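The next block holds one structure in the form of structure tokens; read it before the comments.
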Amino acid sequence: MSNLQVIVGEKIKNYRKIKGLTQLELGTKANIKQGYLGDVERGARNISLESLEKIMGALDLKPSDLFGYHEIDLKDANYELESVIQKHSEFLRTKRVEDVKMIHRISLEIFNSLEWKPNE
């Protein structure tokens, strides 16, 4: 199994969960067998372009949703705050609501602990 197969499979699984679909429901929507979809999500199956297109259509995805591998290089003078915020937003959209809330609480704690307090 290739690294790309695993990455694409994980992204399909994340987007499926975001849409609140089971494998069976997505398979039905995309006209793909549930077992095949499960194999794709685990990265155990090499997905055909035809099947990928069906899944993307059923999940209302763009190619960049599955193949956008942009890393943020903070040393790059061209990066901007909006770009960083957009990357974080894209990342968080692939996570469960409970996980996003937890990340938010942790972020608040970190930023609150970093704030300068004149009387301390």
Side-chain angles (χ1 to χ4, degrees):
M1 107 181 49
S2 78
N3 192 34
L4 183 58
Q5 279 176 231
V6 172
I7 291 169
V8 170
E10 287 175 355
K11 286 189 173 195
I12 289 170
K13 181 178 181 177
N14 286 334
Y15 281 114
R16 174 180 60 77
K17 287 184 172 186
I18 288 169
K19 301 282 184 175
L21 299 172
T22 64
Q23 286 180 346
L24 180 60
E25 291 167 333
L26 177 55
T28 300
K29 243 180 130 171
N31 196 26
I32 292 173
K33 293 181 180 176
Q34 179 184 358
Y36 176 78
L37 180 58
D39 288 346
V40 166
E41 288 186 355
R42 287 188 304 282
R45 195 92 175 253
N46 192 9
I47 189 169
S48 70
L49 290 177
E50 181 181 352
S51 296
L52 183 60
E53 189 171 38
K54 288 178 180 180
I55 291 170
M56 289 173 57
L59 292 173
D60 194 32
L61 299 176
K62 302 178 302 278
S64 62
D65 294 328
L66 293 179
F67 299 105
Y69 299 106
H70 306 289
E71 293 294 327
I72 299 170
D73 181 1
L74 297 179
K75 295 178 184 175
D76 182 354
N78 295 323
Y79 94 93
E80 296 178 20
L81 180 60
E82 289 304 314
S83 175
V84 173
I85 291 170
Q86 179 184 356
K87 298 302 174 201
H88 283 275
S89 177
E90 290 170 5
F91 170 76
L92 292 172
R93 282 192 181 106
T94 66
K95 304 303 174 198
R96 296 178 311 146
V97 172
E98 299 84 22
D99 294 335
V100 172
K101 288 179 180 179
M102 179 184 64
I103 290 168
H104 178 70
R105 285 192 306 271
I106 292 169
S107 297
L108 286 176
E109 289 295 321
I110 291 170
F111 284 112
N112 286 337
S113 73
L114 295 176
E115 289 181 11
W116 180 72
K117 296 175 182 156
N119 295 335
E120 292 183 4

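Predicted model only: the values in this text are computed from it and were never measured.
- Here Leu92 sits in one hydrophobic cluster together with Phe91, Val100, Ile103; the rule is ILVMFWY side chains under 4.5 Å apart, joined directly or through other members.
- Remark: Arg96 pairs with Glu98, Asp99 by the salt bridge (Lys or Arg N to Asp or Glu O under 4.0 Å) rule, at least two apart or across chains.
- Note that the CG atom of Asn46 and the CG atom of Leu52 stand 10.5 Å from one another [nearest 0.5 Å].
- Across all their heavy atoms, Ser48 and Tyr36 have their closest contact at N-OH, 3.3 Å.
- Contact annotation: the side chain of Leu61 never approaches that of Ile12 to less than 4.5 Å [non-hydrogen atoms, C-beta and beyond].
- Residue pairs meeting the salt bridge (charged side-chain N to carboxylate O under 4.0 Å, His left out) criterion with at least one partner in residues 16-33, sequence neighbours excluded, are Arg16-Glu41.
- Qualifying side-chain contact (heavy atoms from CB on, under 4.5 Å) partners for Thr28, counting only residues two or more places apart in sequence or in other chains: Leu24.
- Closest approach of Lys11 and Leu66 over heavy atoms only: CD-O, 3.3 Å.
- The side-chain hydrogen bond (donor to acceptor under 3.5 Å, both in side chains) test applied to Thr94 returns no partner, not counting sequence neighbours.
- In the hydrophobic clustering (ILVMFWY side chains linked at under 4.5 Å, chained through shared members), Leu108 stands by itself.
- The side-chain heavy atoms of Ile32 and Val40, taken from C-beta on, include no pair separated by under 4.5 Å.
- Of the inter-residue distances, the one linking Gln23 atom CD with Lys13 atom NZ reads 7.5 Å to the nearest 0.5 angstrom.
- Sorted by first and then second residue, the salt bridge (charged side-chain N to carboxylate O under 4.0 Å, His left out) pairs involving residues 50-63 (not counting sequence neighbours) are Glu50-Lys54, Lys62-Asp65.
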May I have the step-by-step check of side chain to side chain contact (heavy atoms under 4.5 Å, CB included) for Leu59 and Leu21, ending in yes or no? CA-CA 9 Å; Leu59 292 173; Leu21 299 172; 4.0 Å; yes
